[in-house]
Amino acid sequence: MTVLIEAVGLHKRFGDIKAVNGISLKVAKGEVLGFLGPNGAGKSTTMKMITGFLEPDAGLASICGIDVFKEPKNAKAKFGYVPEGAPSYGEMTTRAFLSFIAEIRGYRGAAIVSRVANAVERAGLGPVLDQVIDTLSKGYKRRVGLAQAILHDPPVLIMDEPTDGLDPNQKHHVRNLITDMAADKAIIISTHILEEVEAVCSRAVVINKGVIVADGTADDLLQRMHYHGAVSLKVVADRADAAIRALTNAAAIASVETLGKPNGHLLLRAIPHQKTMTAAEVAAVLRAQNIPVDELYVERGRLDDVFRKITMPEEGDSNA
Ligand code: ATP
């Protein structure tokens with residue numbers, strides 16, 4: 001495992017607010033880390049410290065083993081950063097801005113032209129190459145921000161809400177781009193969009209009030225819901241009592257919950273003792289009693305619910 005991004009004990013306080021309170025993490029080559037948390041959790045502050053744009057009160061950050069505070073110039077050559085919002089230099093055209101960034105990155109002559117052309121193609125900016133950035137739609141501004149970050153093909157990418165403001169087609173395009181680049185880079189994406197975590201991230205870190213409260217794959221997080229692996233089913237209302245009795249008496253089932261009563265049916269959720277019960281086993285329990293089942297599926301849980309459970313534990317399992 002080649003660790004390309006490392007943060008150790010980052011702290012940052014703004015007056016009385018402890019924005020970041022001891023965050024440590026490592027991201028290896030090939031990983032796409034989703035950085036999640038409610039508003040004000042400390043995501044942007046952490047990313048600004050990891051990229052050396054904000055000095056921490058305590059802690060270290062390094063990119064490709066280079067300390068971002070001691071050697072900022074060397075570290076900056078190793079990563080691309082998509083900050084929140086629109087790019088600066090809004091009075092420039094897309095082409096002029098990206099050429100300017102290429103020059104800052106040390107390219108000259110034909111190398112500038114080819115770097116810009118490549119970034120423009122990957123970010124899908126062809127139609128707005130000669131348009132002034134301030135006049136672009138929000139989605140295109142985000143894509144200009146993305147293009148400047150990938151222009152030098154860095155081994156590390158750090159993106160603050162990269163798909164914010166994009167329409168569904170653009171989101172799809174950017175997520176594909178991230179997936180295509182993932183194999184030989186370490187990538188951090190901060191996002192509020194939980195479907196994005198499932199779509200592109202190999203790992204998710206949830207922060208709340210400046211500390212890490214969960215770290216794992218989307219599946220690891222989903223397993224935190226008590227109904228992960230449960231089987232939901234729909235039976236006709238007049239067989240409801242018999243169905244509940246049969247399921248409650250089945251050895252593999254720990255409990256049965258009633259979820260609702262739509263259109264003459266009853267929606268039930270059977271929670272297994274072990275998280276390994278199959279839908280077929282549940283169907284067999286009911287078939288043995290001649291109880292017809294209209295719908296049957298294994299629940300994975302929803303990342304939204306996990307997120308709420310982790311960051312607002314007092315609410316508990318919202319769907320229980
Ligand atoms: P969001 O999802 O809303 O963008 P976030 O997780 O990125 O939130 P941060 O922007 O890192 O959160 O903010 C963390 C906390 O620090 C918040 O309470 C915020 O108000 C505060 N904060 C951030 N920057 C500053 C600043 N420059 N001065 C004072 N307080 C700040």
Side-chain angles (χ1 to χ4, degrees), residues 1-12 20 22-36 42-84 87-88 98 100-108 111-112 114-116 118-119 122-123 145-162 174-191 197 200-205 207 212 215-217:
M1 181 173 99
T2 314
V3 173
L4 297 183
I5 305 170
E6 183 162 16
V8 183
L10 289 175
H11 284 79
K12 186 72 189 179
V20 172
I23 287 199
S24 300
L25 56 87
K26 291 179 184 176
V27 188
K29 184 171 166 177
E31 278 193 301
V32 181
L33 179 88
F35 205 43
L36 305 169
K43 302 181 294 294
S44 295
T45 306
T46 303
M47 292 176 113
K48 284 180 197 157
M49 290 192 283
I50 290 176
T51 48
F53 288 95
L54 182 69
E55 198 171 339
D57 298 333
L60 301 169
S62 65
I63 303 280
C64 298
I66 303 167
D67 188 310
V68 298
F69 306 109
K70 288 192 184 136
E71 295 184 63
K73 202 163 168 242
N74 290 338
K76 283 193 170 87
K78 299 287 185 196
F79 69 84
Y81 178 41
V82 182
E84 276 179 305
S88 335
L98 293 177
F100 168 66
I101 297 292
E103 209 172 323
I104 291 177
R105 291 278 179 200
Y107 298 102
R108 294 291 176 266
I112 294 182
S114 73
R115 285 281 160 183
V116 170
N118 181 273
R122 301 195 89 176
L146 187 71
Q148 62 75 29
I150 61 175
L151 194 123
H152 56 306
D153 194 23
V156 168
L157 279 174
I158 298 186
M159 311 190 199
D160 207 340
E161 305 200 23
V174 168
R175 287 175 190 163
N176 280 349
L177 179 61
I178 292 169
T179 306
D180 286 348
M181 294 188 299
D184 61 350
K185 297 190 193 301
I187 302 177
I188 298 184
I189 299 173
S190 109
T191 181
V197 176
V200 297
C201 299
S202 53
R203 190 177 141 208
V205 162
I207 72 167
I212 292 177
D215 184 348
T217 63

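Residues take their numbers from the sequence shown, with the count starting at 1.
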Separation of K43 NZ from K48 NZ (nearest 0.5 Å): 11.5 Å
Stepwise side-chain contact (heavy atoms from CB on, under 4.5 Å) check, I189 with V32: CA-CA 7 Å; I189 299 173; V32 181; 3.7 Å; yes
Value rounded to 0.5 Å, distance of CD in E161 from CE in M47: 9.0 Å
Evaluation steps, side-chain contact (heavy atoms from CB on, under 4.5 Å), between T51 and V68: CA-CA 7 Å; T51 48; V68 298; over 6 Å; no
4.5 Å side-chain heavy-atom contact, S62 and E6: yes
Interatomic spacing from CG in L33 to CD1 in I187 - rounded to 0.5 Å: 10.5 Å
Any donor-acceptor N/O pair, T2 side chain to K29 backbone, under 3.5 Å: no
Euclidean distance, E31 CD relative to C201 SG, rounded to 0.5 Å: 10.5 Å
Any T191 side-chain heavy atom under 4.5 Å of L36 side chain: yes
Validation row: L157, I150 side chains within 4.5 angstrom (heavy atoms): yes
Minimum heavy-atom distance G42-I207, with the two atoms named: C-CD1, 3.5 Å
Test side-chain contact (heavy atoms from CB on, under 4.5 Å) applied to F35 and D160, V197, L25, the passing residue: L25
Minimum-distance pair of heavy atoms, taken over all atoms of G145 and V82: O-CG2, 3.9 Å
K76 charged N/C atom sitting above F53 aromatic ring, 6.0 Å / 45°: yes
Expected output: side-chain H152 to main-chain F79 donor-acceptor under 3.5 Å: yes
Sidechain-backbone polar pair: H11 side chain, G9 backbone, donor-acceptor under 3.5 Å: yes
Charged N-O contact under 4.0 Å between K185 and D153: yes
Over all atoms of both residues, closest heavy-atom pair of A28 and A186: O-CB, 3.5 Å
Close side-chain approach of I158 to I50, heavy-atom, < 4.5 Å: yes
Non-hydrogen atoms of I63 and A75 that approach each other most closely: CG2-O, 4.4 Å
Distance-minimising heavy-atom pair for A77 and R105: CA-NH1, 4.0 Å
Side chain proximity check, L177 to L146, heavy atoms < 4.5 angstrom: yes
Shortest non-hydrogen separation from P154 to G80 and the atoms involved: CG-N, 3.4 Å
Side chain to side chain, I5 and K26, heavy atoms closer than 4.5 Å: no
Short N-O contact, R203 and D215, less than 4.0 angstrom: yes
Side-chain touch E55/M49, heavy atoms, less than 4.5 angstrom: no
SG on C64 to CG on N74, rounded to 0.5 Å: 11.0 Å
Interatomic distance, L151 atom CG to R115 atom CZ [nearest 0.5 angstrom]: 7.0 Å
Side-chain heavy-atom pair I188, M159 within 4.5 angstrom cut-off: no
